[in-house]
Amino acid sequence: MGLATQDAINQFKALMEQVDEPLKKTFKNVHQGHIVETLERFLKAREWNVTKAHKMLLDSLNWRLQNGIDDILAKPILPDNFYRGVRDSQLIGVSGYTREGLPVFAIGVGLSSFDKASIHYYLQSHIQINEYRDRVILPTATKKNGRYIGKCVKVLDMSGLKLSALNQIKLLTTISTVDDLNYPEKTITYYIVNVPYIFSACWKVVKPLLQERTKLKVRVLQGGGRDELLKIMDYSALPHFCRREGSGSGSGSSRNSSDDCYSLEHPFHQELYSYMKQQSGIREPLEPSKQGSVHVDVPVGEPEDAERCRTLESQLKKLRTHKSLSGSLANFKISD
């Protein structure tokens, strides 16, 4: 660690020691005992500018307080069958761990329909998975490996992408904004697999709009990416859609398989949902539970961040009307 880097961390740490108690309390849920590593994440997200990183972190902590993020894991989406609908239409899961101990998140970009609930439920679910990752999965991995594990890898499956994906721009932008401003630098690499033939045209539009630090993390793999991914993880940790070359994610009918990391029957989702029910004190309610999403405000970032999102959305909408892309469109969001 260079002297300039250490000096920035020391300055940042001194500033954080001056915040009031409510902010210090929620900050504990963020750093989980690893203050320096957390400060480094926010510094990296703001090009090591201490003033900007400090503002970013304070804004994030205030967002947590105003939206009850510290308690969001005690608010499971109910009832169970409704939650199943959310899971079946927002495809995400943990398939295992790399050989270095990093959790492997699988994301079904192409087959996520987001059509079973309102945007509030999908945002709530996304934040709950983020919080479970940061408060349960990563601390457990850190303890197991005997060294700090603070990041994950993500495998983005592009199977099934269609032009209709553009209808989800608002939701995907909302999720991306929440991640960018409150969970920066949590992903070490994005592996993109099962890309459609038209992906290169869209990538030419998206790539220049991404921050340099994000572009360096993206790797587009051939086919299902099995051979490349086996260099960093065992076969048992591969997402189900990577295990056979060219297999893709399969149809929605496979959602009941415990081998499918998207499925509610998969150990990851069983443990997550049980954890949230335990946190909320729910024990087999006698009456049907009332539905109700947690409404979370979307934070506002730096002007250049908002402009980048608007430009990306505009360019993707233009692609939608381009005759050469009448068949499918690789629309995806990448965020830390």
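Keep in mind the model is a prediction, meaning the values are calculated, not measured.
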Query raised in the report: Rounded to the nearest 0.5 Å, how far does CG of Leu102 lie from CD1 of Ile137?
Result: 12.0 Å
Requested in this report: Mark yes or no for whether Glu185, through its side chain, and Ala45, through its backbone, hold a donor-acceptor pair below 3.5 Å.
Outcome: no
Report task. Output the distance between atom CG (Asp88) and atom OG (Ser263), rounded to the nearest 0.5 Å. Result -> 7.5 Å
Report task. Answer yes or no: is there a donor N or O on one side and an acceptor on the other, between the side chain of Arg99 and the main chain of Lys231, under 3.5 Å? Result -> yes
Query raised in the report: Which pair of heavy atoms, one from Asn182 and one from Ser60, lies closest together, and at what distance?
Result: OD1-OG, 2.8 Å
**Report entry** For the student: nearest non-hydrogen atoms of Lys217 and Thr189, plus distance
**Finding:** O-CG2, 3.2 Å
Report task. May I ask you to decide if Asp115's main-chain N or O and Tyr122's side chain share a donor-acceptor pair within less than 3.5 Å? Result -> yes
**Report entry** Note: Glu265-Arg84 ion pair, threshold 4.0 Å (strictly below)
**Finding:** yes
Report task. Hey, can you tell me if Tyr273 and Tyr83 have their rings parallel, tilted or perpendicular (30° and 60° cut-offs)? Result -> parallel
Query raised in the report: When you look at Val178 and Val296, which way does the side chain to side chain contact (heavy atoms under 4.5 Å, CB included) test go after all the steps?
Result: CA-CA 10 Å; Val178 167; Val296 176; 5.5 Å; no
Query raised in the report: Within the distance-only criterion (no hydrogens, no angle test), does the side chain of Trp63 pair as donor or acceptor with the backbone N or O of Asp297 below 3.5 angstrom?
Result: yes
Query raised in the report: What is the minimum heavy-atom distance between His34 and Thr142, and which atoms define it?
Result: NE2-CG2, 4.2 Å
Query raised in the report: Looking only at heavy atoms, which two atoms of Pro196 and Met158 are closest? And how far apart?
Result: CD-CB, 3.9 Å
Query raised in the report: Can you tell if the side chain of Glu228 reaches within under 4.5 Å of the side chain of Tyr191, non-hydrogen atoms only?
Result: no
Requested in this report: Kindly indicate, with the supporting measurements, whether the criterion side chain to side chain contact (heavy atoms under 4.5 Å, CB included) is fulfilled by Leu57 and Phe12.
Outcome: CA-CA 10 Å; Leu57 181 51; Phe12 199 177; 3.7 Å; yes
Query raised in the report: Under the side chain to side chain contact (heavy atoms under 4.5 Å, CB included) criterion, do Ile92 and Arg87 qualify, and how do the steps go?
Result: CA-CA 8 Å; Ile92 185 171; Arg87 289 274 58 83; 3.5 Å; yes
Report task. Please lay out, stage by stage, how Glu100 and Thr98 fare under the test side chain to side chain donor-acceptor pair (under 3.5 Å). Result -> CA-CA 5 Å; Glu100 293 184 349; Thr98 69; 5.2 Å; no
Query raised in the report: Is the backbone of Leu23 close enough, under 3.5 Å, to the side chain of Asp20 for a donor and an acceptor to pair up by distance?
Result: yes
**Report entry** Ion pair Asp70/Lys28, N-O distance below 4.0 Å
**Finding:** no
Query raised in the report: Under 3.5 Å, is there a donor-acceptor pair between the side chain of Arg243 and the main chain of Ser236?
Result: yes
Query raised in the report: Is there a donor-acceptor pair closer than 3.5 Å between any side-chain N or O of His240 and the backbone N or O of Ser95?
Result: no
Query raised in the report: So, do Phe82 and Tyr121 have ring centers that fall under 6.0 Å from each other?
Result: yes
Query raised in the report: Nearest heavy-atom pair of Ala53 and Phe42: which atoms, and what distance?
Result: CB-O, 3.6 Å
Query - CA sep, side-chain torsions, deciding dist, call: Leu138, Gln32, side chain to side chain contact (heavy atoms under 4.5 Å, CB included) - result: CA-CA 10 Å; Leu138 292 175; Gln32 293 290 314; over 6 Å; no
Query raised in the report: Taking side chain as C-beta onward, heavy atoms only, is Arg64 less than 4.5 Å from Glu131?
Result: yes
Query raised in the report: Just by modelled atom types, is the Glu17 backbone N or O under 3.5 Å from a matching donor or acceptor in the Lys24 side chain?
Result: yes
Requested in this report: Output yes when a side-chain donor or acceptor of Lys186 lies under 3.5 Å from a complementary backbone atom of Gly150, and no otherwise.
Outcome: yes
Query raised in the report: If we ignore angles and hydrogens, is there a donor and acceptor under 3.5 Å between the side chains of Arg46 and Thr51?
Result: no
Query raised in the report: Looking at side-chain heavy atoms only, is the closest gap between Leu73 and Gln128 below 4.5 Å?
Result: yes
Query - Spacing of Thr214 atom OG1 and Asp180 atom CG [to the nearest 0.5 Å] - result: 7.0 Å
Query - Gap separating the CH2 atom of Trp48 from the CD atom of Glu40, nearest 0.5 angstrom - result: 5.0 Å
Query raised in the report: Is the count of non-hydrogen atoms from other residues, nucleotides or ligands lying under 6.0 Å from Lys116 atom NZ greater than 12?
Result: no
**Report entry** For Val86 against Ala117, the heavy-atom pair lying closest together
**Finding:** CG2-CB, 4.0 Å
Query raised in the report: Donor-acceptor pair, Ser176 side chain versus Leu172 backbone, under 3.5 Å?
Result: no
